[in-house]
Number of protein chains: 2
Amino acid sequence: MKRYDVCEERCIHEETVRKVEDEMLGDEVFSHLSNDFKMLGDLTRVKMLFALSREELCVCDLASILNLSESAISHQLRLLRNHNMVKFRRDGKMAYYSLSDQHVVQLLKMGVEHAQE
Amino acid sequence: MKRYDVCEERCIHEETVRKVEDEMLGDEVFSHLSNDFKMLGDLTRVKMLFALSREELCVCDLASILNLSESAISHQLRLLRNHNMVKFRRDGKMAYYSLSDQHVVQLLKMGVEHAQE
DNA sequence: TGCACATATGAGCATTTATTCACATGAAAA
DNA sequence: TTTTCATGTGAATAAATGCTCATATGTGCA
């Protein structure tokens, strides 16, 4: 277990570092946070989420819109489900997906604003 | 080049799919978007960005706060720089980093809200 | 100049991840 | 029941990614 304490005793701004350390959140929070953003950090998934922000869609619809295999879409939908970003309802053979809340929409909106600068 | 057109002519909801296809953004926008979110989708980087949202910090400070090597931090800072998420100023031997705009802060804030549900 | 030190970077390695293929599941229709 | 079809999933593979180690860069100071 390395400590990287070379700098820790010389160059750092002790005050500032201590202050920021105090303000840091718990590891689980950061972990949760980065995992959520990771869901948005993929071209396929971000397109899927954007599409779902417009309409409820089945696997087949998404596959058609993104021009990807249904298997690929299904795999990604499972990830999104596990991260509580989408919900779904079954109707016969079909499964209809939609966003599980409005947070994703807001994040997407903010992201687009930033991207368009 | 597969077309996955099996479904395209049978099970899809043509109306809905066409509507959503019309509303989809350009590929460059989605690409930009997912790349930005990807920067937030890593435990180390999200911690770095959070820390930088509190104080301007040097490489050494960040390494100390995250308990990681300065090399690792430097590599990640380069990524963040390339994505215009952090800016830096040199002062002698030191390099001081800070967030390049408030968008990241807002995204982090929204992410935390969502994570805490 | 020459040394010390903070930061930057290239190569290598181990891990993660996105897609495909093949097959399983489950519901509707024949 | 048997068939069909939309969806779900495990295994495999190729690509991307994060860290480490070694080394380079560049600044301040003796």
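The sequence lines fix the lettering, A, B, ..., with proteins before strands; numbering per chain opens at 1. Note: hydrogens, waters and symmetry copies are ignored here, and every other heavy atom, side chains too, is used.
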Student check: side-chain heavy atoms of L108(A) and L40(A) closer than 4.5 Å |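 Answer yes - side chains close enough.
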With a 4.5 Å heavy-atom cut-off, do L77(B) and S74(B) have their side chains touching?
-> no
Rounded interatomic separation in angstrom, taking [atom1] from [X] and [atom2] from [N]:
{"X": "N67(B)", "N": "dG18(D)", "atom1": "CG", "atom2": "P", "answer": "19 Å"}
{"X": "D91(B)", "N": "dA6(C)", "atom1": "CG", "atom2": "C1'", "answer": "12 Å"}
{"X": "L68(B)", "N": "dA6(C)", "atom1": "CG", "atom2": "P", "answer": "18 Å"}
{"X": "L80(A)", "N": "dT17(C)", "atom1": "CG", "atom2": "P", "answer": "14 Å"}
{"X": "I73(B)", "N": "dT17(D)", "atom1": "CD1", "atom2": "P", "answer": "18 Å"}
{"X": "N82(A)", "N": "dT9(D)", "atom1": "CG", "atom2": "P", "answer": "9 Å"}
{"X": "M48(B)", "N": "dG18(D)", "atom1": "CE", "atom2": "P", "answer": "11 Å"}
{"X": "L62(B)", "N": "dT7(C)", "atom1": "CG", "atom2": "P", "answer": "9 Å"}

Report yes if the distance between the aromatic ring centroids of Y96(B) and H13(A) is under 6.0 Å, otherwise no.
->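 Yes, close enough.
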Looking at [X], I'd like to know whether one of its side-chain N or O atoms comes within less than 4.0 Å of OP1 or OP2 on [N].
{"X": "Y97(B)", "N": "dA6(C)", "value": "no"}
{"X": "Q76(A)", "N": "dT19(C)", "value": "yes"}
{"X": "S69(A)", "N": "dT20(C)", "value": "yes"}
{"X": "R78(A)", "N": "dT17(C)", "value": "no"}

Given the rule in the salt bridge (Lys or Arg N to Asp or Glu O under 4.0 Å) test, do E23(A) and K19(A) qualify, once you have shown the distances and angles that lead to the verdict?
-> CA-CA 6 Å; E23(A) 293 174 350; K19(A) 170 179 171 298; 3.3 Å; yes
On DNA chain C, more 5' by nearest nucleotide between A95(B) and R90(A) is A95(B)
S71(A) or R45(A), whichever maps to the more 5' nucleotide of DNA chain C | R45(A)
Main-chain N/O of V105(A) paired with S53(A) side-chain donor or acceptor, under 3.5 Å |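 Between the backbone of V105(A) and the side chain of S53(A) there is no qualifying donor-acceptor contact (under 3.5 Å).
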Charged N to carboxylate O below 4.0 Å: is that the case for D27(A) and K47(B)?
-> yes
Looking at every strand, decide which applies to L79(B) at a 4.0 Å heavy-atom threshold: base, sugar-phosphate, or nothing.
-> sugar-phosphate
Face-to-face contact H75(A) to dT19(C) six-ring, under 5.5 Å, under 30° =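 By the stated criterion, H75(A) and dT19(C) do not stack.
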Checking contacts here: which listed nucleotide ([options]) is nearest the side-chain heavy atoms of [X]?
{"X": "R81(A)", "options": "dT19(C), dG8(D), dA8(C)", "answer": "dG8(D)"}
{"X": "K93(B)", "options": "dA8(C), dA6(C), dG8(D)", "answer": "dA6(C)"}
{"X": "F88(B)", "options": "dC21(D), dA8(C), dT20(C)", "answer": "dA8(C)"}
{"X": "K38(A)", "options": "dA8(C), dT19(C), dT17(C)", "answer": "dT17(C)"}

Taking N and O atoms by type only, does the side chain of T44(B) place a donor or acceptor under 3.5 Å from a partner on the base of dC19(D)?
->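 For T44(B), whose side chain was compared with the base of dC19(D), there is no donor-acceptor pair (under 3.5 Å).
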